[in-house]
Amino acid sequence: MSSNIDINTANQRKEKSVAIHSKTMALVALMAAVICILGPLSLAIPISPVPISLTNLAVYFTMYVLGRKRGTVSYLIYLLIGLVGLPVFSGFSGGAGKLFGPTGGYLIGFIFMALICGFFIEKWPSKLYLHFAGMIFGTVVCYLFGTLWLAFQGNMVFNAALAAGVLPFIPGDLVKIVIALLAGPAIRKQLKRAGLN
């Protein structure tokens with residue numbers, strides 16, 4: 001009798017584990033799709049070779065939905081989709097040329113931004129001021145990668161690359177961070193209630 005109960009319990013646990021794994025995979029794919037939808041939406045500005053993009057906003061939301069590890073995997077899927085040529089990067093572009101172009105450093109920087117933001121959100125789930133700090137820190141690291149690569153690609157000094165690739169975007173990125181802070185925790189809470197997070 002006891003062995004039958006143990007077998008049933010083990011089967012139930014296995015089924016539950018498979019269901020959770022399937023939901024997780026679906027969420028990772030869904031958020032990769034969200035980044036693919038928001039990533040290409042961009043606005044070119046005359047004072048910079050770097051367009052205004054919604055990619056970082058999508059990454060902030062992804063960290064709230066999936067957390068650090070799964071969220072970063074979701075972004076990496078997006079990056080791979082773009083690298084094979086699908087037009088998911090800013091301005092509906094794609095291919096390895098984009099990664100090695102002037103804005104490629106930002107695409108790499110987003111990986112570290114995701115890891116940093118996700119860490120702060122997971123470590124202190126109810127402390128929004130630390131989420132804000134994590135997003136600022138992650139964005140600064142992304143800026144650093146982007147600026148260094150822009151300076152190299154454009155044969156510019158660091159300060160000129162900073163003025164072209166970072167300074168015009170700070171106000172807009174702060175707005176995106178505030179939007180993520182307002183909506184992200186509510187989305188995370190709803191997913192937890194639904195057993196999806």
Side-chain angles (χ1 to χ4, degrees), residues 25 28-120 134-177 179-180:
M25 287 179 63
V28 168
L30 175 64
M31 293 314 296
V34 168
I35 304 173
C36 286
I37 292 166
L38 293 180
L41 303 178
S42 60
L43 178 66
I45 57 175
I47 59 172
S48 174
V50 182
I52 295 171
S53 166
L54 294 179
T55 307
N56 50 350
L57 179 62
V59 172
Y60 299 145
F61 279 130
T62 300
M63 294 308 109
Y64 273 110
V65 172
L66 294 172
R68 178 173 53 95
K69 291 180 182 176
R70 292 176 295 166
T72 303
V73 168
S74 192
Y75 174 76
L76 289 172
I77 291 170
Y78 157 80
L79 194 59
L80 289 172
I81 289 170
L83 285 176
V84 299
L86 292 178
V88 296
F89 295 147
S90 61
F92 294 92
S93 58
K98 185 73 173 181
L99 186 64
F100 296 108
T103 60
Y106 298 99
L107 290 170
I108 297 300
F110 284 135
I111 299 171
F112 298 95
M113 188 182 86
L115 289 167
I116 293 166
C117 295
F119 172 79
F120 276 75
M135 288 182 198
I136 293 290
F137 181 35
T139 302
V140 168
V141 171
C142 182
Y143 282 163
L144 180 62
F145 274 88
T147 303
L148 288 170
W149 187 249
L150 181 61
F152 172 76
Q153 277 288 324
N155 197 23
M156 306 160 72
V157 296
F158 183 83
N159 286 348
L162 190 70
V166 172
L167 297 184
F169 303 93
I170 291 174
D173 285 345
L174 285 172
V175 170
K176 293 173 200 172
I177 287 172
I179 291 169

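In this structure, I136 and L174 have side chains that are in contact, with non-hydrogen atoms separated by less than 4.5 Å. Within the 4.5 Å cutoff, the side chain of C117 has heavy atoms near those of the Y60 side chain. Side chains of L148 and L144 form a contact here, defined as non-hydrogen atoms less than 4.5 Å apart. Taking 4.5 Å as the limit, some side-chain heavy atom of I77 sits within range of a side-chain heavy atom of V28. With a 4.5 Å cut-off on side-chain heavy atoms, T103 and P49 do not count as touching. Side chains of I108 and W149 form no contact here, defined as non-hydrogen atoms less than 4.5 Å apart. F119 places none of its side-chain heavy atoms less than 4.5 Å from the side chain of L115. Between P51 and L43, the closest side-chain pair of non-hydrogen atoms is not below 4.5 Å.
The shortest heavy-atom contact between T72 and M63 is N-CE, 3.7 Å. Nearest heavy atom pair, residue G91 against residue S42, reads N-OG, 2.8 Å. Here the shortest heavy-atom pairing between L54 and L38 reads CB-O, 3.6 Å. The shortest non-hydrogen separation linking A114 to V59 is CB-CG1, 3.9 Å. When all heavy atoms of F92 and L41 are compared, the closest pair comes out as CZ-CD2, 4.0 Å. When every heavy atom of C36 is checked against every heavy atom of I81, the shortest pair comes out as SG-CD1, 3.9 Å.
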Do Y106 and L150 pass the side chain to side chain contact (heavy atoms under 4.5 Å, CB included) test, and can you show the C-alpha distance, the side-chain angles, and the key distance before you say yes or no? CA-CA 9 Å; Y106 298 99; L150 181 61; 4.2 Å; yes

Could you walk me through whether M113 and V141 satisfy the side chain to side chain contact (heavy atoms under 4.5 Å, CB included) test, starting with their C-alpha distance in whole Å, then the side-chain angles of each, then the deciding distance to 0.1 Å, before giving a yes or no? CA-CA 7 Å; M113 188 182 86; V141 171; over 6 Å; no

Should K98 and S90 be marked as a side chain to side chain donor-acceptor pair (under 3.5 Å) after you check the CA-CA gap, both sets of side-chain angles, and the distance that decides it? CA-CA 9 Å; K98 185 73 173 181; S90 61; 3.1 Å; yes

Show your reasoning for whether ring pair (Phe, Tyr, Trp, His ring centres under 6.0 Å) applies to F112 and F145. CA-CA 9 Å; F112 298 95; F145 274 88; 4.8 Å; yes

Report the C-alpha separation of D173 and Y143 in whole Å, then their side-chain angles, then the decisive distance to 0.1 Å, and conclude whether the side chain to side chain donor-acceptor pair (under 3.5 Å) test is met. CA-CA 11 Å; D173 285 345; Y143 282 163; 2.5 Å; yes

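Rounding to the nearest 0.5 Å places CD1 of I179 at 6.0 Å from CG of L57. To the nearest 0.5 angstrom, K176 atom NZ is 11.5 Å from F61 atom CZ. In this structure, M31 CE and I35 CD1 are separated by 6.5 Å, a value rounded to the nearest 0.5 Å. Interatomic distance, CG of N56 versus OG1 of T62, reported as 11.0 Å (0.5 Å rounding). Rounding to the nearest 0.5 Å gives a distance of 9.5 Å between CE of M156 and CG of L162.
Taking the six-membered ring where the residue is Trp, Y78 and F89 present perpendicular rings, their angle passing 60° and hence far from 30°.
Within a 6.0 Å radius of CZ in F158, other residues, nucleotides and ligands contribute more than 12 heavy atoms.
Considering L66, V34, L79 in turn, L66 is the only one that fulfils the side-chain contact (heavy atoms from CB on, under 4.5 Å) rule with S74.
For S53, the side chain to side chain donor-acceptor pair (under 3.5 Å) partners are T55, not counting sequence neighbours.
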